[in-house]
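Written out below as structure tokens is the structure these notes cover.
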Amino acid sequence: MFTRRNRRPKSPALRTAWEALDHGDVPGALRQLRAAGEEQPLAEVALVVGRAAEAVGFDDLAKAAAAVVAEPERPTALYDFGYWCVERDIAHLAVPALREALRRSDGAPVVLRELVAAYEHDGRHREAVHELSRYEGALADWPDRYLLVFNAVLAGDLELARREHALLSDPQDAQWQPARERQNRVLARAADAQRASSLGPSDLRGWQYVSSGTVLGTLSPHGFDAGMNGRYAWLQDTPGLCLRGLVRLRALLAAAELRPRSVSLLPDRDSRILGLAAAEVLGLPAEPFEPGRTDTVVVAYDLDGTAAHDGGPEIIGQLFERAPGQVLHAHASCWTDPPAITPDSVALLHQTVVAPWGEQLRGSADGGVERGPADDRPEAEVAGTITGAVPEPNPDGAGIPDGETEFTAFAAAVRESWLRGDRARVTSPGPVPSSRFQ
């Protein structure tokens with residue numbers, strides 16, 4: 001019997017992905033699909049995706065892909081395929097199918113929303129704005145115009161976001177009220193940030209605050225003008241950089257006129273080391289973390305490390321709602337895969353980081369590179385290398401806007417909205433169940 005397995009894609013790029021599957025390499029096949037671009041025949045893309053889905057046991061996606069292979073012009077088949085691609089974290093493969101479903105369904109709102117969800121999942125907020133703007137005259141306030149405001153903010157178009165936000169009616173459905181209030185706070189943060197920040201395309205500190213309510217302490221000079229805008233990629237951290245982050249935290253607390261009474265130590269070793277150093281820098285006693293403690297600075301080296309520690313998920317859950325006067329500071333936060341909880345203050349953004357006391361790379365005796373041993377001294381001794389370090393110099397001399405004056409001015413400008421303590425990440429309503437589109 002002729003089956004789908006007897007078929008092979010005709011496109012050269014997709015054949016490469018198919019051959020990866022011949023060798024059991026599902027991640028490699030997905031990389032080839034991304035590299036192939038969005039102009040590939042949808043039925044052939046679905047053929048490859050379906051085989052990959054079967055290989056990993058994603059029966060829902062495999063079934064949806066088979067429907068597109070059989071009927072590549074049917075809008076519901078294209079929609080379901082796009083929906084399950086988003087659900088299975090391959091949203092970039094959903095976009096072409098959902099665009100075609102939208103065209104063939106004459107702009108059905110449920111398809112538009114799912115396409116926007118796919119764009120959001122892939123960080124393509126400008127394209128989401130473009131798609132929503134095409135139907136601006138027919139948008140329902142909730143969720144469609146809300147989504148337009150949300151994506152306009154993340155695309156950096158505050159003028160459009162404010163104009164569309166002003167047109168939003170109060171939601172009749174109570175489920176949308178938290179989204180309305182959250183969006184009010186986002187735009188209030190933007191107004192505060194603009195008093196001391198350009199909110200231009202490269203203003204990482206400003207946009208970090210607008211989008212999440214987090215004050216970013218330091219900016220990386222590496223690749224600043226090549227699109228990194230102050231983010232780190234791979235970083236071997238140093239005691240001096242840790243100290244600089246803590247000095248910025250002290251400046252932030254002073255600008256906000258907060259007077260914490262203690263530093264709360266999280267249980268993982270990295271956070272305990274940094275927390276002991278923070279207590280010295282801030283002149284405060286250090287105490288083990290207790291949920292609900294007020295007027296304290298909770299210090300994490302990297303919240304993902306805390307989450308991976310014994311009891312870490314429970315602690316992260318206890319920090320979602322801050323106690324009065326409780327400030328959560330993280331030294332390092334991954335910008336490509338943000339932690340589950342949003343800190344009030346973060347010293348730096350990275351893709352990969354190795355703590356100063358971790359197994360860092362170093363030159364070997366034969367002129368090569370080797371991984372050195374971790375520093376296993378007692379935590380207090382390692383913390384002393386931070387407090388005894390010289391803070392790494394600000395990179396503002398190289399044209400990076402990260403001087404003490406600029407940081408202090410920013411902290412003072414956002415004081416009121418920062419003290420209100422809304423750290424909820426800007427979120428969209430997420431995918432719409434496929435059963436709603438028939």
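Residue numbers count from 1 along this sequence. Hydrogens, waters and symmetry mates are skipped; everything else that's a heavy atom, side chains included, is used. For clarity, every value in this text was computed on a predicted model and none was experimentally measured.
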Using 4.0 Å as the upper bound for N to carboxylate O, is an ion pair formed by [Y] and [X]?
| X | Y | value |
| --- | --- | --- |
| R180 | D141 | no |
| R293 | E287 | yes |
| E257 | R415 | yes |
| R124 | E38 | yes |

Is [X] atom [atom1] crowded by more than 12 heavy atoms from other residues, nucleotides or ligands, each under 6.0 Å away?
| X | atom1 | result |
| --- | --- | --- |
| R269 | CZ | yes |
| E159 | CD | no |
| E321 | CD | no |

Minimum side-chain heavy-atom gap [X]-[Y] below 4.5 Å:
| X | Y | value |
| --- | --- | --- |
| E100 | P96 | no |
| P260 | L282 | no |
| V116 | R113 | no |
| L102 | Y135 | yes |
| H165 | Q183 | yes |
| E114 | V111 | no |
| Y119 | N151 | no |
| E87 | D60 | no |

Nearest 0.5 Å, what's the [atom1]-[atom2] distance between [X] and [Y]?
| X | Y | atom1 | atom2 | value |
| --- | --- | --- | --- | --- |
| S417 | D192 | OG | CG | 3.5 Å |
| R248 | L348 | CZ | CG | 12.0 Å |
| L241 | L235 | CG | CG | 6.0 Å |
| S220 | Y232 | OG | OH | 4.5 Å |
| T306 | D268 | OG1 | CG | 3.5 Å |
| D295 | R259 | CG | CZ | 11.5 Å |

Between [X] and [Y], is there a donor-acceptor pair closer than 3.5 Å when you use the side chain of the first and the backbone of the second?
| X | Y | answer |
| --- | --- | --- |
| R145 | L168 | no |
| E381 | P378 | no |
| T385 | V382 | yes |
| W207 | V153 | no |
| T218 | G245 | no |
| Q326 | V298 | no |
| R205 | L216 | yes |
| Q360 | D237 | yes |
| R231 | L349 | no |

Answer with yes or no whether the side chains of [Y] and [X] bring together a donor and an acceptor at under 3.5 Å.
| X | Y | answer |
| --- | --- | --- |
| T387 | E280 | no |
| R189 | S212 | no |
| S202 | N229 | no |

Quick one: list whatever passes ring-ring contact (aromatic ring centres under 6.0 Å, His included) with Y301, sequence neighbours left out.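 For Y301 the ring-ring contact (aromatic ring centres under 6.0 Å, His included) partners, ignoring immediate neighbours, are H331, W357.
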Listed partners of W142 passing ring-ring contact (aromatic ring centres under 6.0 Å, His included), at least two apart: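 Counting only residues at least two positions away or on another chain, W142 forms a ring-ring contact (aromatic ring centres under 6.0 Å, His included) with Y146, W176.
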How far apart are the closest heavy atoms of [X] and [Y], and which atoms are they?
| X | Y | value |
| --- | --- | --- |
| A190 | L199 | O-CD1, 3.8 Å |
| S198 | D203 | N-OD2, 3.5 Å |
| A307 | P313 | O-CD, 3.2 Å |
| W418 | D344 | NE1-O, 3.1 Å |
| H222 | M228 | O-CB, 3.7 Å |
| G82 | L98 | CA-CG, 3.9 Å |

Is there a side chain to side chain contact (heavy atoms under 4.5 Å, CB included) between S271 and V299 once you walk through the steps? CA-CA 6 Å; S271 294; V299 175; 6.0 Å; no
D304: which residues meet the salt bridge (Lys or Arg N to Asp or Glu O under 4.0 Å) condition with it, sequence neighbours left out?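 If we apply the salt bridge (Lys or Arg N to Asp or Glu O under 4.0 Å) test to D304, skipping adjacent residues, there are no hits.
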Pairing residues for A251 by the side-chain contact (heavy atoms from CB on, under 4.5 Å) criterion, not counting sequence neighbours: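 Applying side-chain contact (heavy atoms from CB on, under 4.5 Å) to A251 gives F407.
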Just jot down the side-chain contact (heavy atoms from CB on, under 4.5 Å) partners of H92, sequence neighbours excluded, or say none.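 For H92, the residues satisfying side-chain contact (heavy atoms from CB on, under 4.5 Å) (neighbours in sequence not counted) are R34, I90, D122.
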Mind checking what makes side chain to side chain donor-acceptor pair (under 3.5 Å) contact with T296, not counting sequence neighbours?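 Testing T296 for side chain to side chain donor-acceptor pair (under 3.5 Å), a comparison that skips the adjacent residues, returns S262, S264.
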